[in-house]
Amino acid sequence: MASVSVDEAMRRAIALAARGLGATSPNPVVGCVLLDADGEVVGEGFHAYAGGPHAEIVALAQAGKRAHGGTAVVTLEPCDHTGRTGPCSHALIAAGVARVVVAVPDPNPVASGGAATLRAAGIQVEVGVRAEEAEAGNIAWLTSMRRGWPYLIWKYAATLDGRSAAADGTSMWITSEAARIDVHALRGTVDAVIAGVGTVLTDDPRLTARNLRDGTLAIRQPLRVVVDSSGRTPADSRVRDGAARTWVATAAEVGAGPDGRVDLAALLAELHHRGVRAALLEGGPTLAGAFLAAGLVDRIVGYVAPKLLGAGPTALLDAGVTTIADAIDLELTDVTQVGPDLRITALPRKREA
Ligand SMILES: NC(=O)c1ccc[n+]([C@@H]2O[C@H](COP(=O)([O-])OP(=O)(O)OC[C@H]3O[C@@H](n4cnc5c(N)ncnc54)[C@H](OP(=O)(O)O)[C@@H]3O)[C@@H](O)[C@H]2O)c1
């Protein structure tokens, strides 16, 4: 096989890491490519599930003796601690690699220190190769670890005139089947799906990740979270059907904000504590407004249907904005047509304190 550059190997490692998306929490996604002394690929791996072997260990196992004197190209700094598996830094030292190239340092104080351990063992370590790309591929985990609460994506569906339901309350099928399939794929990449009790009472959603064509459930289900200050979620609601874990988060359990409703920052802190690194906020407009007003939303994914309703509730209610100067500015990062609908992805610009 022809030799590849470290840069090409890192690009491949980033693509490998992405295969673990949605399955590794509370761990990060990680990819690793091992090159022998001549730059030939002799091993590849990614972290596939929490508790499973780390990317470096999979790649080392493939490479065997050919790792000796070679280069390990890894998307995240190799771990330096014994968790459910042993430290990757020690495994790389034992395999005799000469050089380790890392994209992003590990922000987790428990696992970091791998680069220092490798250097102390005489291994050449470089950090920062394709860092921006690797960071983007692991954004939820990295953000969550750095600040202590999950990366929150607000997803909504609306008509072109911004309505989230018809005037008579019917709302289930605003967007196409293609868009709804896309949403189920998105659910499969997060650890928790969050909805307000208003949505549960109106729509009685299942909030599971499933195959829309035959109804089969995805193997891994996000935790379903109902934000319900006083515990109004009916015992026979679908979120309590046992198809996935459900947490009805009440103000008594989580803590209350000044308005007596669930304290949303405390809710996210508790979710982080429970191992949630990425969460999908699925509405409705009251809860989404409250999360946005609190500055807790990291990404917005809006599915916009080519339909007009002219009346009915809007996709978003009070988000703490009363004057145009306070409008929440967004940076558009992607616009994709999904079936007949548009999927618009945007990042809220951080406001000046
Ligand atoms: N198109 C879409 O994407 C979409 C998605 C979801 C829902 N919807 C539609 O939205 C409608 C329901 O809207 P909704 O606004 O009533 O429902 P919601 O936003 O799902 O739920 C609102 C409720 O959440 C509870 N809550 C708890 N803590 C809160 C906090 N800190 N801040 C704000 N709310 C908090 C409040 O009830 P308590 O005070 O009793 O806890 C509040 O009334 C339905 O018609 C549904 O079809 C549309």
Side-chain angles (χ1 to χ4, degrees), residues 149 152-177 179-184 186-187 192-208 224-234 237-239 246-271 279-297 299-309 311-321 338 341-346:
W149 72 86
L152 187 65
I153 304 166
W154 172 44
K155 165 257 143 187
Y156 71 93
T159 58
L160 194 53
D161 58 334
R163 307 283 169 174
S164 69
D168 67 356
T170 47
S171 67
M172 297 293 276
W173 311 114
I174 286 180
T175 47
S176 63
E177 187 184 41
R180 296 197 303 277
I181 289 171
D182 204 60
V183 169
H184 280 264
L186 186 58
R187 276 185 194 164
V193 172
I194 305 174
V197 65
T199 297
V200 169
L201 293 173
T202 315
D203 293 345
D204 196 16
R206 291 185 177 85
L207 298 180
T208 48
R224 300 180 287 190
V225 180
V226 182
V227 188
D228 179 2
S229 308
S230 54
R232 296 188 286 144
T233 302
S237 56
R238 285 179 177 153
V239 288
T246 300
W247 178 35
V248 176
T250 61
E253 189 178 358
V254 176
D259 59 359
R261 289 175 156 176
V262 173
D263 178 334
L264 301 180
L267 173 83
L268 291 184
E270 175 57 26
L271 285 173
L280 188 63
L281 170 62
E282 296 224 20
T286 305
L287 190 63
F291 269 109
L292 280 160
L296 295 171
V297 173
R299 190 193 301 170
I300 297 167
V301 181
Y303 292 86
V304 178
K307 286 188 176 83
L308 298 171
L309 279 166
T314 53
L316 185 63
L317 286 169
D318 185 8
V321 179
V338 181
D341 305 314
L342 279 187
R343 184 187 64 208
I344 300 174
T345 307

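As the structure lists them, so they are numbered: ligands from 1, and atoms in each ligand from 1.
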Requested in this report: Would you check whether T199 has a nitrogen or oxygen atom less than 3.5 angstrom from a nitrogen or oxygen atom of ligand 1?
Outcome: yes
Query raised in the report: Strictly by modelled atom types, are T250 and D228 linked by a side-chain donor-acceptor pair under 3.5 Å?
Result: no
Query raised in the report: So, is A157 polar-close to ligand 1, with some N/O to N/O distance under 3.5 Å?
Result: yes
Query raised in the report: Taking atom CG of L292 and atom CG of L287, what is their separation to the nearest 0.5 Å?
Result: 10.0 Å
**Report entry** Min side-chain heavy-atom separation R187-L207 under 4.5 Å
**Finding:** yes
Query raised in the report: Relative to ligand 1, is L264 under 4.0 angstrom through side chain, backbone, both or neither, heavy atoms considered?
Result: side chain
Requested in this report: Using a strict 4.0 Å cut-off to heavy atoms of G284, name the atoms of ligand 1 that fall inside it.
Outcome: 6 (C), 7 (C), 18 (P), 19 (O), 20 (O)
Query raised in the report: Looking only at heavy atoms, is any part of V262 under 4.0 Å from ligand 1, and if so is it the side chain, the backbone, or both, or is it neither?
Result: both
Query raised in the report: Could you state the interatomic distance from CG (L152) to CG (L280), rounded to the nearest 0.5 Å?
Result: 8.0 Å
Report summary line: Within 4.0 Å of some non-hydrogen atom of T202, the atoms of ligand 1 are 44 (C), 45 (O)
Query raised in the report: CD1 of I194 to CG of L267: how many Å apart, nearest 0.5 Å?
Result: 5.5 Å
Report task. Check whether any side-chain heavy atom of K155 sits under 4.5 Å from a side-chain heavy atom of L281, and report yes or no. Result -> no
**Report entry** Residue selection (non-hydrogen contact nearest atom 9 (C) of ligand 1) among P285, G162, P313, A294
**Finding:** P285
Query raised in the report: Backbone or side chain, does any N or O of G198 fall under 3.5 Å from an N or O of ligand 1?
Result: yes
Query raised in the report: Heavy-atom distance under 4.5 Å between the side chains of L160 and P306, does that happen here?
Result: no
Report summary line: One should read off an interatomic distance between I174 CD1 and L309 CG, to the nearest 0.5 angstrom, of 6.5 Å
Query raised in the report: Considering only heavy atoms of D228, which atoms of ligand 1 have at least one such atom less than 4.0 Å away?
Result: 41 (O)
Report task. Could you list the atoms of ligand 1 found under 4.0 angstrom from a heavy atom of Y156? Result -> 3 (O)
Query raised in the report: Where does D203 meet ligand 1, judged by heavy-atom distances below 4.0 Å: at the side chain, the backbone, both, or neither?
Result: side chain
Requested in this report: From the options K155, R163, E282, R261, select the one whose nearest heavy atom is closest to atom 29 (C) of ligand 1.
Outcome: R261
Query raised in the report: If you measure from each non-hydrogen atom of A290 to ligand 1, which part falls under 4.0 Å: side chain, backbone, both or neither?
Result: side chain
Query - Between OG on residue S237 and CZ on residue R224, distance to nearest 0.5 Å - result: 8.5 Å
Requested in this report: List every atom of ligand 1 that sits less than 4.0 Å from any heavy atom of R232, numbering the atoms from 1 in the order shown and giving each element.
Outcome: 37 (O), 38 (P), 40 (O)
Query raised in the report: Closest heavy-atom contact between V262 and S229?
Result: N-OG, 3.3 Å
Query raised in the report: Will you find, in the side chains of W247 and E270, an N or O donor that is under 3.5 Å from an N or O acceptor?
Result: no
Query raised in the report: With a cut-off of 4.0 Å, which atoms of ligand 1 are near a heavy atom of S229?
Result: 27 (C), 28 (N), 38 (P), 39 (O), 41 (O)
Query raised in the report: Would you say ligand 1 has an N or O under 3.5 Å from any N or O of L287?
Result: yes
Query raised in the report: Which ligand 1 atoms does G196 reach within 4.0 Å, using its non-hydrogen atoms?
Result: 18 (P), 20 (O), 21 (O), 24 (O)
